[in-house]
K.L.:
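The structure that follows is given in the form of structure tokens.
In the text below, chain A, chain B and the rest are named by the order of the sequence lines, each starting its count at 1.
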Amino acid sequence: MTSSSEHTGNASTAAGTHGTTPAKIPPLVSDLPFRYGAHLAGDIERRWQQTWSERGTFNAPNPHGPLSDGFDQVAGRPVFFVMDMFPYPSGSGLHVGHPLGYIGTDVFARYLRMTGYHVLHPFGYDAFGLPAEQYAINTGQHPRVTTEANIDNMRRQLGRLGLGHDTRREVATTDVEYYRWTQWIFLKIFNSWYDDEAGRARPISELIADFEAGTRAPRGDANPHNRPWSALRTTERRQIVAGYRLAFISEQLVNWCPGLGTVLANEEVTAEGRSDVGNYPVFRRPLRQWMMRITSYADRLIADLDLVDWPDSIKQMQRNWIGPSDGATVEFTAVGSDIRIEVFTTRPDTLAGATFMVLAPEHPLVDTLTAQAWPQGTPIAWTFADGIDREAGPGTGASGNRPAPEWTPRAAVNAYREYAAHLGDRQRGTDEIPRTGVFTGSYVTNPVTGDPIAVFLADYVLMGYGTGAIMAVPAHDQRDFSFARTLGLPIPAVLAPDEDWRAEHNVPAGAEPNTWPVAFAGDGEYLPATGVGPPLVGLSKPDAIKSTIRWLEDVGAGRAARSYRLRDWLFSRQRYWGEPFPIVFDDDGLPIALSEDLLPVTLPEMTDFRPSAMADDDVNDPVPPLARVADWATVTLDLGEGPKTYRRETNTMPQWAGSCWYYLRYLDPTNSERFVDPEVERYWMHTPDGPPGDGGVGLYVGGVEHAVLHLLYARFWHKVLYDLGLVSTREPFKKLFNQGYIQADAFTDGRGMYVPAAEVVRTAEGTLRHNGEPVNRRSGKMGKSLKNSVSPDEIYDSFGADTLRVYEMAMGPLDADRPWHTDDIVGSHRFLQRLWRNIIDEATGGAVVSDVTPDAEATRMLHRTILAVRADYTDLRFNTAVARLIELTNFVSKRYGASGGLPRELAEALVLMVAPLAPHIAEELWARLGHDGSLAMHPFPEADDSLAVDPTVTLPVQVNGKVRFTVDVPVDADEQAVRDLVAGHDEYARHTADRTVKRMIVIPGRIVNIALN
RNA sequence: GCGGGAGUGGCGGAAUGGCAGACGCAGCAGACUUAGGAUCUGCCGCCUUCGGGCGUGGGGGUUCAAGUCCCCCCUCCCGCACCA
């Protein structure tokens, strides 16, 4: 799961005295052998990491099966599954921004263990896909080699952070034993169909059984043969069934990226029409590709967002991405033939104003509809709308504005389709986009008015949305309006604009719509209409829509419909480094699923695995690298009909496939019989008290960049698995949390190129320079492209991993972006140093604690801190937890620093509370305080509410809302006692002299406010 | 344009409607020091005639009391964007 979106900008965030990246900070040295510094921290951290590893401290036993050793000791505990979005093993290693979320989940998981939970916290690597393959190509190595090396490096860097993962469960999506199950799940999806009536996926065998039994007939659009099932040939039947599968091959207009040599999903293409990976141009072209029918789940993907505890912003992004809109389909019949064209509209109420129709250039009926000759009186403008190259096209004619005789509708349509296919970048713009299009020479009949209306092709109608055709109502839709203006089409009004709109656009009442500056898209009064449509005058918009839909259904010209922005998921890639499909083809070209016992289909070794280079305008079908492995691409198998030669599918699965289900494999990573044991799955994924089907990963932390990619795909797969009874919860991730990004100053030179931030120096005059040249500072997400990365290794060496952990948690709320300042880390280091010095004699290394009972104030401080820190950890507010712990540490060092050491009770509570944040130093202190073993499972300190309260409280006294003085009152003083005390105070007399006291408000334990006139 | 989020000291950030600025960095003063980028102590929003006044993007409002709730506006960030 790779992020490639860098967000830069906001140069002002880093203004001020901070910001320059300092030279490397040498480790702090000291004569005292047991002073807590980088050296000692490194020593402590190495030892404890080794101890945890040897003892398997963070191994979480399963209820049964191979990983169940030690389950008896945790049986009966509440269960919690904490998970990070696994990384793609980048070649450039980690920077300090990467582990932010990993530290967060580790702190949380460690806290949960100390509060009695049985915690599963695994980790893994998302190692297939474009970024890994591009890296391998760039370095001239095999992706398996680079991937393994990168994983090793990341494991080492993360290992030094002391993350408490159950390392036995580590998975990489590229492991054969992992991707065999990815292929297995693909087969489950391939062998399923969506039963709209049941509202769920079902095995394809049940559909076939229905067809066989005659209890269900194939849908009309799935059965072009128009014969009953019993009369169909085997190939025809297979074709029909293929049209139902959730994974299917389809010729679609896809995003073709010659630069990467592969097609891409919509989600992988930027708004600028370029690839998310590599920023290459992307073109639309029709290709036969694997698709996944995610659109069948559109409603459930929206509805079930109500089941999960996710940030509202992410839920909203998913809703927007799925983008449901309600309306109707309306059928128009062609004039002079019985061809029927279906359009989708959200405004059936404006049907009477539809004066033309527009098809997407790729619409399948275009050829059929294109006329032989231009109808009499066709305006010249309709025959070559802007966009067709007049210089090159045959339509220019000698005079330059009159079509030549050979400029037929066919020629115009073909020229326009050619033009539309080569539109690269999506044009942006907020206002007017130049409208282009061409007349097909055909007319259809408006079912309400009975008028013939012209059918155009225009690129503003998209094949992928609705039906790929629209009825154009220029008076009430801005796009149709500007198209009508360009081509001189009529613009009759269905609704009268309201006064506000007329005033805003300076339109007099009753003005002709073709004098309006823009279309009126708002709500207004319906005008009396001619024709046979339903009466709408006086109705509200929703009622008019309902009324029209009822009318359409009555006359058989349409029905209510819902359309989605979401497209089906383009699931194949013409690349090497991905999961091979468990699919072969026979002579009739229909896909055949391999049986489960033929899994895994392993990726063949290739020395030249690069995608076939293709020019931007090459219209040949791309040849995937696997197609070049001849002895792999064809295979002889016995699939029940005796040994036959088959052609393998040579595309590979997209990067997202492996990440769609890895959370399930963590649960049972060594299972060779199943993708996950059902009992183990229920144990970890189930929410004990929730409704049936409720549950999911207890906490899932990752970046916001996956809001509509991974998180949508994974939910889709999970729902298919749920429908098939293979998992027990409706949603995969119960709670989602998005950690922020670490920002860092970046610097550009005079040419606007980034220069390495580490080499920028601040001169004596305060200007920033690189190699003597002045540079500009801006801020952006830390990363290679901005040349502002800081490696965690540098920080480990200068301060230790515990300091880095505390710093990253203290910087701010976990979900907020925050700027990295190496200068600030020293504060976190000082905190740990002070904690250490409070307990350890820096000369001898021995613990110095006393057996005295903490005094009342210290006890109060301790119990208040326990209360606050527990709440902070529970709610992932680690920044305020750190602040509380620093406060307590500072307090006890002042109170007990000069005496014979901290009271043991205080020291131990402090160590235990710090442990989730800074586990190595905490373990070391715990050991030096005389304890055997790890504190990882030691109960977290409990607060006693009664000890946390102060017997007297200082109440602020406000006069007219401003604090003027304070009074000390017993904590249990009643309101009257407080009143008397305040009224008798000297300051009271001073502030109320010459004034009338209107009221005195006493909020016991909180505040007093005196309201004067 | 549509949808979402955020504006608090020099900086990062705290504040169930109840003392705005916890905690950290930076800064200032002092102690200990050959030394300090170590440690310790204190100060640290702005203005001030030292009474106090002003302060959470701007303007209104509700309230005894508003960073917090309501209305209007401004700026910035993120997502989507010809989706009929």
Side-chain angles (χ1 to χ4, degrees), chain A residues 5 7 9-10 12-19 22 25-26 28-32 35 37 271 311-317 319-321 323 325 327 343-347 358 426-431 433 435 458-462 464-467 469-473 477-480 482-483 563-567 704-705 707-708 806-807 810-813 816-821 823-828 830-831 833-834 837 877 879-880 882-887 890 893-894 897-898 954-958 960-964 966 998-1001 1003 1005-1012:
Chain A
S5 56
H7 60 102
N10 195 13
S12 63
T13 48
T17 56
H18 283 87
I25 299 173
L28 302 167
V29 289
S30 167
D31 312 337
L32 293 163
R35 162 147 302 186
D312 286 337
S313 58
I314 301 289
K315 289 187 180 187
Q316 202 52 45
M317 280 166 73
R319 286 189 197 104
N320 290 345
W321 189 262
S325 35
V343 304
F344 174 76
T345 178
T346 53
R347 295 294 304 274
V358 185
R426 274 313 173 89
Q427 274 169 316
R428 297 176 137 237
T430 46
D431 295 325
I433 298 160
R435 291 285 163 225
D459 66 338
Y460 80 89
V461 175
L462 311 174
Y465 183 76
T467 63
I470 61 152
M471 63 178 213
V473 183
D477 180 279
Q478 185 56 39
R479 296 153 299 184
D480 299 343
S482 43
F483 190 83
S563 198
Y564 299 93
R565 218 191 71 97
L566 182 71
R567 312 290 203 269
V704 72
E705 71 270 20
V708 291
V806 170
Y807 172 63
M811 288 165 89
D817 291 354
R818 67 291 294 279
W820 175 268
H821 292 303
D823 293 355
D824 291 2
I825 301 174
V826 67
S828 299
R830 284 178 192 145
F831 160 51
Q833 220 170 34
R834 195 172 298 139
R837 195 168 43 239
R877 290 192 309 255
N879 55 328
T880 47
V882 172
R884 296 290 189 169
L885 291 168
I886 293 176
E887 237 176 339
N890 291 348
S893 53
K894 278 200 184 84
T954 303
L955 286 188
V957 180
Q958 295 182 328
N960 281 345
K962 292 189 169 41
V963 178
R964 295 305 181 188
T966 60
K998 204 164 63 177
R999 290 170 67 184
M1000 187 194 294
I1001 294 100
I1003 312 295
R1006 280 277 178 199
I1007 203 162
V1008 178
N1009 193 5
I1010 299 158
L1012 298 180

K.L.:
If you restrict it to nitrogen or oxygen atoms, what contacts under 3.5 Å exist between nucleotides 40-43 of chain B and the protein, and what is each distance?
P.N.:
| from | atom 1 | to | atom 2 | distance (Å) |
| --- | --- | --- | --- | --- |
| B/C40 | OP1 | A/Arg834 | NE | 3.0 |
| B/C40 | OP1 | A/Arg837 | NH2 | 3.2 |

K.L.:
What is the glycosidic conformation of B/G9: syn, defined as within 90° of 0, or anti?
P.N.:
syn

K.L.:
Distance check, C1' atoms only: B/C40 and B/A65, in whole angstrom units.
P.N.:
41 Å

K.L.:
Classify A/Asn960 by what it touches in the nucleic acid, base, sugar-phosphate, or nothing, heavy-atom distance under 4.0 Å.
P.N.:
nothing

K.L.:
Between B/C19, B/G24, B/G53, spot the one nearest the side chain of A/Lys962, thanks.
P.N.:
B/G53

K.L.:
Going by modelled atom types, is there a donor-acceptor pair between the base of B/C23 and the side chain of A/Arg884 at under 3.5 Å?
P.N.:
no

K.L.:
Taking only the C1' atom of each, what is the distance from B/G37 to B/G27 in whole angstrom?
P.N.:
15 Å

K.L.:
On a whole-Å scale, what distance lies between the P atoms belonging to B/G30 and B/A20?
P.N.:
33 Å

K.L.:
Please report the distance, rounded to the nearest Å, between CG in A/Leu1012 and C1' in B/A65.
P.N.:
13 Å

K.L.:
Is a donor from one side chain sitting under 3.5 angstrom from an acceptor on the other, for A/Arg830 and A/Gln833?
P.N.:
no

K.L.:
Ignoring backbone atoms, establish whether A/Gln833 has a side-chain N or O less than 4.0 Å from OP1 or OP2 of B/U39.
P.N.:
yes

K.L.:
Tell me whether the rings of A/Tyr460 and A/Phe483 are parallel (<30°), tilted (30 to 60°) or perpendicular (>60°).
P.N.:
tilted

K.L.:
Work out how far the P atom of B/G57 is from that of B/G7, and round it to whole angstrom.
P.N.:
8 Å

K.L.:
NA contact type, A/Ser325, heavy-atom cut-off 4.0 Å: base, sugar-phosphate, or nothing?
P.N.:
sugar-phosphate

K.L.:
Is the backbone N or O of A/His821 less than 3.5 Å from a side-chain atom of A/Tyr807, with the two atoms forming a donor-acceptor pair by type?
P.N.:
yes

K.L.:
Among B/G4, B/A81, B/A84, which nucleotide sits nearest the side chain of A/Ser313?
P.N.:
B/G4

K.L.:
Could you tell me the separation between the OH atom of A/Tyr807 and the C1' atom of B/C25, rounded to a whole number of Å?
P.N.:
9 Å

K.L.:
Would you classify B/G7 as syn or anti? Syn applies when the glycosidic angle is within 90° of 0.
P.N.:
anti

K.L.:
Counting side-chain heavy atoms from CB outward, which of B/G12, B/C19, B/C82 is closest to A/Pro819?
P.N.:
B/G12

K.L.:
CZ of A/Arg567 versus P of B/C80: gap in Å, rounded?
P.N.:
14 Å

K.L.:
Is there any protein nitrogen or oxygen under 3.5 Å from a nitrogen or oxygen in nucleotides 15-17 of chain B, and what are the pairs?
P.N.:
| from | atom 1 | to | atom 2 | distance (Å) |
| --- | --- | --- | --- | --- |
| B/U16 | O4 | A/Arg1006 | NE | 2.9 |
| B/U16 | O4 | A/Arg1006 | NH2 | 2.8 |

K.L.:
Using a heavy-atom cut-off of under 4.0 Å over every strand shown, decide if A/Lys998 touches base, sugar-phosphate, or nothing.
P.N.:
nothing

K.L.:
Grab the CG-P distance between A/Asp480 and B/C82 for me, whole Å please.
P.N.:
15 Å

K.L.:
If we take the C1' atom in both B/A66 and B/G1, what is their distance in whole Å?
P.N.:
34 Å

K.L.:
Working to the nearest 0.5 Å, report the span between CG of A/Asn1009 and NZ of A/Lys962.
P.N.:
10.5 Å

K.L.:
When all nucleic acid strands are considered with a 4.0 Å heavy-atom cut-off, which category describes A/Gln958: base, sugar-phosphate, or nothing?
P.N.:
base

K.L.:
Taking the side chain of A/Val826 as its heavy atoms from C-beta onward, which of B/C23, B/A84, B/C25 lies nearest to it?
P.N.:
B/C25

K.L.:
Taking atom P in both B/G3 and B/U8, compute the distance separating them and give it to the nearest angstrom.
P.N.:
25 Å

K.L.:
Hey, does A/Val708 reach any base, or is it just sugar-phosphate, or nothing, if we go heavy atoms under 4.0 Å?
P.N.:
nothing

K.L.:
Does A/Thr467 or A/Met317 map to a spot on RNA chain B nearer the 5' end, using the closest nucleotide for each?
P.N.:
A/Met317

K.L.:
With a cut-off of less than 4.0 Å, is there a side-chain N or O of A/Asn320 near OP1 or OP2 of B/C2?
P.N.:
no

K.L.:
Let me spell it out: for each of A/Gly464 and A/Ser828, pick the nucleotide of RNA chain B with the closest heavy atom. Which residue's pick is nearer the 5' end?
P.N.:
A/Ser828

K.L.:
Give me the distance, rounded to whole Å, that separates B/U63 from B/G18 when you measure between the C1' atoms they each carry.
P.N.:
12 Å

K.L.:
Think A/Arg964 has a side-chain N or O under 4.0 angstrom from the OP1 or OP2 of B/G53?
P.N.:
yes

K.L.:
Looking for any heavy atom pair under 4.0 Å, which part of the strands does A/Ile1003 touch: base, sugar-phosphate only, or nothing?
P.N.:
base

K.L.:
Rounded to the nearest 0.5 Å, what's the gap from CD on A/Gln958 to CD1 on A/Ile1001? Could you check?
P.N.:
9.5 Å

K.L.:
Can you measure A/Tyr564 atom OH to B/A84 atom P for me and round it to whole angstrom units?
P.N.:
13 Å

K.L.:
Would the base of B/C64 count as contacting A/Asn1009 through its side chain, where contact means a donor and an acceptor less than 3.5 Å apart?
P.N.:
yes

K.L.:
Return one dot-bracket line describing RNA chain B 5' to 3' (Watson-Crick or G-U wobble pairs, both distances under 3.5 Å; ( ) same strand, [ ] crossing, | another strand, . none).
P.N.:
(((((((..(((.....[....))).(((((.......))))).(((....)))..(((((..]....))))))))))))....

K.L.:
Whether the side chain of A/Arg834 engages the backbone of A/Ser893 through a donor-acceptor N/O pair (distance < 3.5 Å, no angle test) should be reported.
P.N.:
no

K.L.:
For A/Asp817 and B/G4, give me the distance from atom CG to atom P, rounded to whole Å.
P.N.:
20 Å

K.L.:
Give a yes/no answer on whether the side chain of A/Arg999 brings an N or O atom under 4.0 Å of OP1 or OP2 in B/C64.
P.N.:
yes

K.L.:
C1' atom, B/U56 versus B/G45: distance in rounded Å?
P.N.:
11 Å

K.L.:
Nearest to the A/Arg435 side chain among B/A22, B/G3, B/C82, which nucleotide is it?
P.N.:
B/C82

K.L.:
Would you kindly give the CG-to-P distance between A/Asp824 and B/G12, to the nearest whole Å?
P.N.:
10 Å

K.L.:
Just by distance, do the side chain of A/Arg818 and the backbone of A/Pro813 share a donor-acceptor pair under 3.5 Å?
P.N.:
yes

K.L.:
A/Arg818 CZ to B/G7 P: how many Å, rounded?
P.N.:
15 Å

